[in-house]
Amino acid sequence: MAEHTIASALEYASGRFSGVHDSATLDAEVLLCHVLEQRRAQLYAWPERVLTASQWRAFERLVARREKGEPVAYLTGRREFWSLPLQVSGDTLIPRPETELLVERALEQVPAAAAWLIADLGTGSGAVALAIARERPACRVLGTETSPQALHVARGNARRLGLANVSLVQMDWCRALATSGCHLIAANPPYVPSGDPHLAQGDVRFEPRRALVGGEDGLDAIRVIGREAGRALRSGGVLLLEHGHDQAPRVRDLLADQGYRTVRSYRDLADKERVTQGSVP
Ligand code: GLN
């Protein structure tokens, strides 16, 4: 068998990906780092290093799967969110940079030493719950999730990060939470309309539908969460929701109709209204 060096392996993979993915070189690097258990800088420090036969076979298999469209995060099982290294699987969404806005806006409301009860509904890999728990150690953060597989991933992440102030429980949104117990509830719910053509494109094709699709107008889960959170939040408590870039006016109307006060939206780095909040009177 021909020998494969780091440089030739990268060239091979970038070639297979070019025209298929716009991140061909980066994808090749990340997959090779995963197989070699090395950092990216090391690839360029030792380009002539020869891969073992089994490393090459493992790399070839990942390259073939990526070529068919599987997200890099699912192939490596890893994604960083809020600078936390998280494990992800096909049972969880891949945490997105725009969801960091939800964390930022949540943290803005929580005084540094507050000992609040905070819930993250539909936590998936645990990204939002874990980021908040890390930043507010005096708070108790509860992540809820219906999928046992996703819950398993989230619990593994909490354990690896050594975060003792987070609990991950199997629950439909906040249905089983005590009335008026929470100071703040955050959620990145499924909000994509079922007919959205993006669902048939790119990485999204491989993500769990139940975490993406919110019915015909995308707002089914947000309606339920708005209703349930109104009961689970204390007086003055805040609900923060991520939603689609064009859904903010409808989410604001919906929360106002459900009795929330001081309803407002925030823009993400792409200048789209991406997060809306309301507070319980
Ligand atoms: N922002 C994601 C997307 O565009 C959707 C995530 C979600 O539904 N919570 O695919």
Side-chain angles (χ1 to χ4, degrees), residues 21-23 69-75 79-82 84 86 88-106 119-132 143-147 149-151 153-154 157 168 171-174 185-229 239-252 254-255 265-278:
H21 306 294
D22 43 17
S23 51
E70 273 189 71
V72 171
Y74 287 159
L75 295 175
R79 173 53 55 97
E80 206 164 276
F81 179 81
W82 200 261
L84 303 173
L86 298 181
V88 296
S89 81
D91 297 306
T92 71
L93 281 191
I94 301 165
R96 292 159 165 70
E98 59 262 32
T99 301
E100 296 191 340
L101 177 67
L102 182 66
V103 175
E104 272 170 32
R105 292 291 93 95
D120 167 30
L121 313 184
T123 195
S125 63
V128 170
L130 297 169
I132 295 175
T144 72
E145 174 58 52
T146 51
S147 155
Q149 292 85 2
L151 205 55
V153 173
N157 283 326
L168 298 151
M171 191 188 296
D172 235 358
W173 307 131
C174 51
I185 292 181
N188 173 19
Y191 54 68
V192 181
S194 49
D196 191 320
H198 289 106
L199 293 166
Q201 294 164 18
D203 286 6
V204 180
R205 288 172 297 164
F206 293 84
E207 294 185 293
R209 284 285 146 135
R210 41 171 291 282
L212 289 168
V213 177
E216 215 172 309
D217 65 354
L219 300 175
D220 283 0
I222 289 180
R223 274 184 282 268
V224 175
I225 290 173
R227 210 165 43 234
E228 286 189 12
L239 172 64
L240 273 160
L241 293 167
E242 178 177 323
H243 48 67
H245 66 88
D246 55 356
Q247 292 171 332
R250 280 175 292 156
V251 174
R252 285 195 296 268
L254 194 156
L255 292 185
S265 304
Y266 301 100
R267 290 177 185 275
D268 63 15
L269 292 174
D271 207 29
K272 308 268 192 208
E273 288 182 320
R274 174 64 67 180
V275 167
T276 294
Q277 79 168 56

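Residue numbers count from 1 along this sequence. In listed order, ligands and their atoms are each counted from 1.
The closest protein non-hydrogen atom to atom 1 (N) of ligand 1 is Y191 OH, 2.8 Å.
The side-chain heavy atoms of D217 and R223, taken from C-beta on, include a pair separated by under 4.5 Å.
Judged purely by distance below 3.5 Å, without hydrogens or angles, the side chains of T99 and E242 pair a donor atom with an acceptor atom. In this model, no donor atom of one side chain and acceptor atom of the other lie less than 3.5 Å apart for E104 and Y266.
In the candidate list E98, E207, R96, H198, R96 is nearest to atom 10 (O) of ligand 1, counting heavy atoms.
Atoms of ligand 1 lying under 4.0 Å from any heavy atom of P189, numbered from 1 in the order shown and given with element: 7 (C), 8 (O), 9 (N). The P190 neighbourhood of ligand 1 comprises atoms 8 (O), with distances under 4.0 Å to a heavy atom of that residue. Under a 4.0 Å criterion applied to the non-hydrogen atoms of L212, ligand 1 contributes the atoms 5 (C), 8 (O), 10 (O).
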Stepwise side-chain hydrogen bond (donor to acceptor under 3.5 Å, both in side chains) check, T146 with R210
CA-CA 10 Å; T146 51; R210 41 171 291 282; 3.2 Å; yes
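The backbone N or O of D120 lies less than 3.5 Å from no partner atom in the side chain of T123, so there is not a single donor-acceptor pair.
In this structure, A211 has a heavy atom closer than 4.0 Å to ligand 1.
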